[in-house]
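Everything numeric here is computed off the predicted structure, so don't read it as measured data. All chains are named by letter (A, B, ...) in the order of the sequence lines, taking the proteins before the strands, and each is independently numbered beginning at 1.
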Amino acid sequence: MRNLKQEPVKTLFLGSSWESVETLKSLNEDSRFDIVGVITTVDKPVGRDQVLTPSDVKKYALENSIEVFHTEKNDEKYREALKKFHPELIVCKAFGEIVPEFFIDYPRYKAINIHFSILPKYRGAVPIQKAILNGDDKTGITIMLMSKALDEGDILEIYEEKILPKDTNLSLRKRLVKKSAEILGNTLENWINGNIKPQKQDSSSATYCWQKDISKENAEINWEEMDPEYIERMTRAFTPWPIAWTQWNNKRVKLFDVDIVKCDSNKVPGELFTDNGNLLLGTKLKDLCIKVNRLQIEGKQEMSAKEFINGRLGLS
RNA sequence: CGCGGGGUAGAGCAGUGGCAGCUCGUCAGGCUCAUAACCUGGAGGUCGUCGGUUCGAAUCCGACCCCCGCAA
């Protein structure tokens with residue numbers, strides 16, 4: 001039994017995105033852990049002007065005087081990192097690189113990954129989006145050992161979280177980030193003190209999700225084939241990126257917030273029309289329409305349906 | 001110099017050389033048992049900024065600033 005408060009665990013953190021920052025922050029502010037360094041992706045060009053920008057994790061680390069290291073998918077660099085930091089524990093969240101096996105085997109207390117699904121369901125890059133898209137009523141957090149293959153390591157702890165009817169990828173992700181930051185420290189302490197026996201995953205029931213499923217191309221609504229329910233889930237799963245969209249007057253229209261409503265119309269699927277002050281889109285089902293609450297026309301700012309109607313924009 | 005759309009009242013938009021407009025909101029009054037209803041009236045604009053052309057510019061020309069879609 002190790003008293004972590006007197007003898008903090010030398011921890012190396014791997015991550016890149018804003019959600020990894022929350023995880024890093026919770027560990028950095030936890031006296032049981034001593035963050036010896038952070039590995040993150042190199043600065044990337046970002047936005048319309050392609051300005052070279054450090055990752056959110058790098059920004060946090062620099063502000064908090066934590067040493068930053070870039071491995072750039074290079075085995076030699078990984079060896080260098082081990083020599084430099086001598087970690088007893090590695091924690092990884094939304095890093096964006098596949099790490100070599102010798103690296104995750106090195107620390108005394110192994111390498112831990114946090115994944116936002118109930119593994120072995122939704123192994124891969126976009127588990128939250130996929131859970132919403134599939135209409136699941138719950139998802140969760142898996143804290144697990146890293147292994148050679150992606151998301152296949154033994155499980156230390158699972159936390160379940162309900163998916164609410166209006167949940168978007170963003171809103172659900174925020175809850176999971178917050179929750180995982182709350183439970184991580186204790187889970188790690190239990191693991192380090194030998195109170196957790198890792199559970200093997202049942203790989204025969206594994207499912208997978210790929211980043212390419214969540215792309216601008218896949219965010220275009222196919223009105224002939226998609227059910228209204230699926231379209232509504234798309235708008236939530238594709239928030240805040242890439243945003244479900246369709247065509248109107250040869251322009252892209254992003255749909256930010258929609259509802260499914262009963263309607264009695266013979267509109268063509270995908271046709272935009274107004275009815276009683278509502279902005280509706282016809283679907284392949286005659287008695288159901290998509291009611292648009294917030295939208296954005298290409299070249300315009302995001303606006304409410306009411307604002308869109310007030311401007312008339314060619315609608316009769 | 002990656003490609004493209006845009007900046008006009010608080011919001012959304014129309015307006016290609018000749019009085020600054022529309023829908024919504026807002027304010028005042030009216031009607032109504034009642035209102036996101038209806039009627040009447042009002043306030044609210046350096047037309048992104050600077051310069052140029054012109055008798056006259058929101059409108060044409062040049063430069064710059066800002067917002068957005070695509071691409072990466």
Side-chain donor/acceptor pairs under 3.5 Å, residues 135-142 of chain A, sequence neighbours excluded:
unit_1	atom_1	unit_2	atom_2	d
A:Asp136	OD2	A:Lys121	NZ	3.4
A:Asp136	OD2	A:Tyr122	OH	2.6
A:Lys138	NZ	A:Glu160	OE1	3.3
A:Lys138	NZ	A:Glu160	OE2	3.1
A:Thr142	OG1	A:Ser117	O	2.5
A:Thr142	OG1	A:Leu119	N	3.1

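- Scanning for disulfide (SG to SG under 2.5 Å) contacts around A:Cys263 gives A:Cys289, with sequence neighbours left out.
- Rounded to whole angstrom, the span from the CG atom of A:Asn250 across to the C1' atom of B:G69 amounts to 14 Å.
- Rounded to the nearest Å, the gap between the C1' atom of B:C66 and that of B:C60 is 23 Å.
- In this structure, A:Trp191 contributes its side chain and A:Tyr109 its backbone to a donor-acceptor pair below 3.5 Å.
- Pairs of residues two or more places apart, or lying in two chains, that qualify as salt bridge (charged side-chain N to carboxylate O under 4.0 Å, His left out) and include a residue from residues 208-217 of chain A are A:Lys130-A:Asp213.
- B:C64 and B:G25: their P atoms are spaced 42 Å apart (whole Å).
- A chain of hydrophobic side-chain contacts below 4.5 Å, direct or via other Ile, Leu, Val, Met, Phe, Trp or Tyr residues, connects A:Phe103 to A:Met146.
- Atom CD1 of A:Ile297 and atom P of B:C13 are 8 Å apart (whole Å).
- Using a 4.0 Å heavy-atom cutoff across all strands shown, A:Gln296 reaches sugar-phosphate atoms only and no base atom.
- Partners of A:Ser65 under the side-chain contact (heavy atoms from CB on, under 4.5 Å) rule, at least two apart in sequence or in another chain, do not exist in this structure.
- Residues satisfying the salt bridge (Lys or Arg N to Asp or Glu O under 4.0 Å) criterion with A:Glu29, sequence neighbours excluded, are absent altogether.
- Here, B:G45 and B:C55 have their C1' atoms 25 Å apart, quoted to the whole Å.
- Spacing between B:G48 and B:C39 at atom C1', rounded to whole Å, works out to 38 Å.
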For nucleotides 5-10 of chain B, give me every protein contact, N/O to N/O, under 3.5 Å, one pair per line with atom names.
unit_1	atom_1	unit_2	atom_2	d
B:G5	N2	A:Gly299	O	2.9

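- Within the structure, the disulfide bond (SG atoms under 2.5 Å apart) test picks out no pair touching residues 127-198 of chain A (sequence neighbours left out).
- Taking atom C1' in both B:G42 and B:G51, the straight-line distance is 38 Å, to the nearest Å.
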Contact list (N/O, under 3.5 angstrom) for nucleotides 70-72 of chain B vs protein:
unit_1	atom_1	unit_2	atom_2	d
B:C70	OP2	A:Lys216	NZ	3.2
B:A72	N3	A:Gln50	OE1	3.3
B:A72	N3	A:Gln50	NE2	3.0

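- Every side-chain contact (heavy atoms from CB on, under 4.5 Å) that A:Ser26 has, sequence neighbours left out, goes to A:Ala181.
- A:Asn310 places its CG atom 11 Å from the P atom of B:G12, with the value rounded to the nearest Å.
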